[in-house]
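Let me begin by presenting the structure, written as structure tokens, before commenting on it.
By convention here, the first residue in the shown sequence is residue 1.
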Amino acid sequence: MMKFLYILCSLASCYAALNNKKFPADFMFGAATSSYQIEGAWNEDGKGENIWDYLLHTNRTYSLNGDNGDTTCNSYHNYKEDVALLKNLNVTHYRFSIAWARLLPNGHINEINEAGVEYYKNLISELRANNIEPFVTIYHWDLPQALQDEGGWPSSNIIDVYADYARLCFRLFGLDVKYWMTFNEPKQTCWQGYGVGTNAPGIKSPGIGEYWCAHNVLKAHAKAWHIYDEEFRPRQKGQVGIVIDSNWWEPATNSSEDQEASETKLQFTFGLYANPIFNGDYPEVMKSHIKRRSLAQGFQKSRLPEFTPKEIEYIKGTADFLGVNMYSASLVAAKQNQDVDGMGFDHDDEVKVWYSESWKKGASPWLVVTPWGMQKLLRWIKNQYNNPRMIVTENGYSDYDGTLNDDDRISYIQGYLSGVRDAMVEDGVNVFGYTVWSLLDNLEWVYGFTNKFGLYHVDFNSPNRTRTAKKSVGFYQNVIRTKCLVDECIEI
Ligand code: GBH
């Protein structure tokens, strides 16, 4: 019986039973996607080129098998079917993103692509007609290439350009959209895009460009929030948040060094973005590490830019809710030998991280099955940021074969959802929803079509990209219907 099922979790003594307390009746259960990963139609109806189009077209070795998002799930044409799948799941909400270059082909406000406007209007009204709440990400990694040519995120000019784009989104769609997210995983935008260069635009500027990027993303986020607050909130009455991702960083031992290393890593991954928004300014530990290292490296001042007191005030308090993407835990320990010359976020933090060999892995090299990390991360966030309203905006499991018999996905989702419920019940964490990644198998960025996250299988060889329900669809339907993760729940 389900309620006697135990999941084996961390290294030592951690066995956790699945939570058997019913979720609240108004808890939101949804599914997520993003524009570049599902839309296809990369150059149809006036859409402009974005940094992923450009990167994956010009450099065929960047992604596995040279895969790209040219057609992918073809959701630009199949959106009605996608909404029908959502309806079948019976989700409360659908998290999707707007492709900036589909609305504004050159990124700027002076040229609006009406076909793009039409597409998102249609998608949103189809969702509304089916009683599904749209949760809209304004930026999910697909910067118009024209804006990259003008400097991209490390250039401060982008702040106003993004603000114009965000205002346009609020103006066009805001009567029907009540939940906005300014950015998806800014950490990956900045660190993978402009630090290590593993994501588009593939620029390698570790320890420099990635921080300029973070600085501008935070200002752009705050500006969008203020625009909404002043110009739209009174009439539209929606909420604007941001989505931040992090692993749970588990201290490798209970030595004070390793505990401190865990805290430092949390500040470098989550605090970099959350602290300015919820508490004001970058975390102290980031400021001190990066300054010390910068000076030792010959820089005149810290490579981490500084906010003025006015900017600190302007950014603080600019999230009506916090979206959390969480998939994995890692082990963390203090580094014994400091690489004083090392450049980059993952050197500046001065810790080492790794995955335990004993943890089960998904297809994605960074994905491990560590459901016990969910409660720990949510609890840490609650304590750091004064218990913000939170929603898990992504969590999910990848395999290679896209099997319809996806029991591994089911137990992954079940385990992590149990962690969410534990955090609510035991720690009083203020979580109002959960969003599984992903509705569909889709283009998993540089891993191409080799990592499948979908609740629905997509046949990428069939002309209409046939969708087929996996076993996890039935599981998720049942959770949504019963608000319960086990055979029988107790109400509290
Ligand atoms: C998300 O990325 C994306 O939003 C989504 O588009 C994507 O398809 C989905 O998840 C699945 O990958 O050292 O803290 O950075 C999440 C991808 C998660 C990548 C965690 C790297 C490593 C841990 N990432 N991560 S961390």
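Summarising the local packing, CG of Asn386 is surrounded by 12 or fewer heavy atoms from other residues, nucleotides or ligands at distances under 6.0 Å. With a 6.0 Å radius and a threshold of 12 heavy atoms from other residues, nucleotides or ligands, Tyr62 has its OH atom above the threshold. Residue Glu306 qualifies as open at atom CD: its count of foreign heavy atoms under 6.0 Å is 12 or below.
Salt-bridge formation is not detected for the pair Glu313/Lys310: no Lys NZ or Arg NE/NH1/NH2 atom is positioned less than 4.0 Å from an Asp or Glu carboxylate oxygen. With respect to Arg95 and Glu394, a salt bridge is recorded, a charged nitrogen being found less than 4.0 Å from a carboxylate O. A salt bridge links Arg102 to Glu39: at least one charged side-chain nitrogen sits closer than 4.0 Å to a carboxylate oxygen. Residues Asp142 and Lys47 are not paired through a salt bridge, judged by the lack of any N-O separation under 4.0 Å between the basic side chain and the carboxylate. A salt bridge is absent between Asp176 and Lys121: the closest approach of a Lys/Arg side-chain nitrogen to an acidic carboxylate oxygen does not fall below 4.0 angstrom. Looking at Lys219 and Glu311, a side-chain N of the basic residue comes within less than 4.0 Å of a carboxylate O on the acidic one, giving a salt bridge.
Remark: Lys382 pairs with Asn387, Val429 by the side-chain contact (heavy atoms from CB on, under 4.5 Å) rule, at least two apart or across chains. A search for ring-ring contact (aromatic ring centres under 6.0 Å, His included) contacts involving Trp141 returns Trp445, not counting sequence neighbours. The ring-ring contact (aromatic ring centres under 6.0 Å, His included) check on His347 picks up nothing, with sequence neighbours excluded. Under the ring-ring contact (aromatic ring centres under 6.0 Å, His included) criterion, Tyr397 pairs with Tyr412, sequence neighbours left out. Not counting sequence neighbours, Cys73 has no partner by the disulfide (SG to SG under 2.5 Å) test. Checked against ring-ring contact (aromatic ring centres under 6.0 Å, His included), Tyr385 has the following partners two or more places apart in sequence or in another chain: Phe278, Trp380.
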Applying side chain to side chain contact (heavy atoms under 4.5 Å, CB included), run through Leu377 and Leu266 and close with a yes or a no. CA-CA 9 Å; Leu377 181 65; Leu266 281 158; 3.9 Å; yes

Give the C-alpha distance, both sets of side-chain angles, the deciding distance and a yes or no for side chain to side chain donor-acceptor pair (under 3.5 Å) between Glu133 and Thr92. CA-CA 6 Å; Glu133 191 73 42; Thr92 51; over 6 Å; no

Test side chain to side chain contact (heavy atoms under 4.5 Å, CB included) on Ser75 and Leu123 and set out the steps. CA-CA 10 Å; Ser75 288; Leu123 171 59; over 6 Å; no

Would you sort out whether Lys187 and Asp245 count as a salt bridge (charged side-chain N to carboxylate O under 4.0 Å, His left out), showing the intermediate values? CA-CA 7 Å; Lys187 180 191 170 194; Asp245 69 298; 5.2 Å; no

Walk me through whether Asn78 and Asn74 qualify under side chain to side chain donor-acceptor pair (under 3.5 Å). CA-CA 6 Å; Asn78 292 339; Asn74 206 11; 4.8 Å; no

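In this structure, Leu168 and Leu104 have side chains that are in contact, with non-hydrogen atoms separated by less than 4.5 Å. In this structure the side chain of Ser63 never reaches within 4.5 angstrom of the side chain of Phe449, judged on heavy atoms. For the pair Glu444 and Gln37, the minimum side-chain heavy-atom distance is below 4.5 Å. Side-chain contact between Glu250 and Thr370 is absent, with no heavy atoms from C-beta onward closer than 4.5 Å. Proximity of Tyr211 to Cys190: side-chain heavy atoms (C-beta onward) are nowhere separated by under 4.5 Å. His93 has its side chain out of reach of Tyr179: every pair of non-hydrogen atoms, C-beta onward, lies at least 4.5 Å apart. With contacts defined as side-chain heavy-atom distances shorter than 4.5 Å, the pair Glu257/Glu260 does not qualify. In this structure, Thr269 and Asn247 have side chains that are not in contact, with every pair of non-hydrogen atoms separated by 4.5 Å or more.
In this structure, Trp42 and His57 have perpendicular ring planes: the angle between them is above 60°, well past the 30° mark.
Ala329 and Trp359 get closest at one heavy-atom pair: O-CZ3, 3.3 Å. Shown here for Val161 and Gly107, the closest heavy-atom pair between the two residues is CG1-O, 3.7 Å. Residues Thr182 and Ala224 share a closest heavy-atom pair of CG2-CB, 4.1 Å.
The residue from Arg233, Lys178, Lys237 that alone fulfils the salt bridge (Lys or Arg N to Asp or Glu O under 4.0 Å) condition with Asp320 is Arg233. Tested against Glu231 for a side chain to side chain donor-acceptor pair (under 3.5 Å), the candidates Arg171, Arg167, Gln236 yield a single pass: Arg167.
With hydrogens and angles left out, the side-chain atoms of Asp149 and Gln145 include a donor and acceptor closer than 3.5 Å. Side chain to side chain, Thr33 and Tyr94 meet the donor-acceptor criterion of an N or O pair below 3.5 Å. Inspection of the Glu263 and Gln259 side chains reveals no N or O donor paired with an N or O acceptor under 3.5 Å. A side-chain donor-acceptor contact under 3.5 Å links Asn325 and Thr393. For the 3.5 Å distance criterion, the side chains of Glu150 and His108 qualify, holding a donor opposite an acceptor. Counting only N and O atoms by type, the side chains of Ser35 and His140 include no donor and acceptor under 3.5 Å apart. Between the side chains of Asp427 and Gln375, at least one donor N or O lies within less than 3.5 Å of an accepting N or O.
Remark: side-chain polar atoms of Arg465 are paired, donor with acceptor, to backbone N or O of Thr72 under 3.5 angstrom. In this structure, His226 contributes its side chain and Tyr314 its backbone to a donor-acceptor pair below 3.5 Å. With hydrogens and angles ignored, the 3.5 Å screen pairs a side-chain donor or acceptor of Ser262 with a backbone N or O of Trp249. Under the 3.5 Å distance criterion, the side-chain polar atoms of Asn216 are matched with a main-chain donor or acceptor of Pro154. Of the possible donor and acceptor atoms, one in the side chain of Ser398 sits under 3.5 Å from a partner among the backbone N and O of Ser364. A donor-acceptor distance shorter than 3.5 angstrom exists from the side chain of Asn442 to the backbone of Leu440, with no hydrogens or angles considered. When atom types are taken as modelled, the side chain of Tyr228 and the backbone of Gly238 share a donor-acceptor pair closer than 3.5 angstrom. Formation of a donor-acceptor pair under 3.5 Å by the Ser328 side chain with backbone atoms of Val368 is found in this model. No donor-acceptor distance shorter than 3.5 angstrom exists from the side chain of Thr264 to the backbone of Asp349, with no hydrogens or angles considered. In this structure, Thr435 contributes its side chain and Ala31 its backbone to no donor-acceptor pair below 3.5 Å.
Interatomic distance, CZ of Phe268 versus CG of Asp346, reported as 10.0 Å (0.5 Å rounding).
Ring to ring, Trp153 and Tyr139 are close: their centroids are under 6.0 angstrom apart. A centroid separation of less than 6.0 Å is found between the aromatic rings of Phe307 and His215. Outside the 6.0 Å centre-distance limit, the rings of Phe232 and Trp180 are not counted as a close aromatic pair. Between Tyr79 and Phe96, the gap from one ring centroid to the other reaches at least 6.0 Å. Less than 6.0 angstrom separates the ring centroid of Trp366 from the ring centroid of Tyr327.
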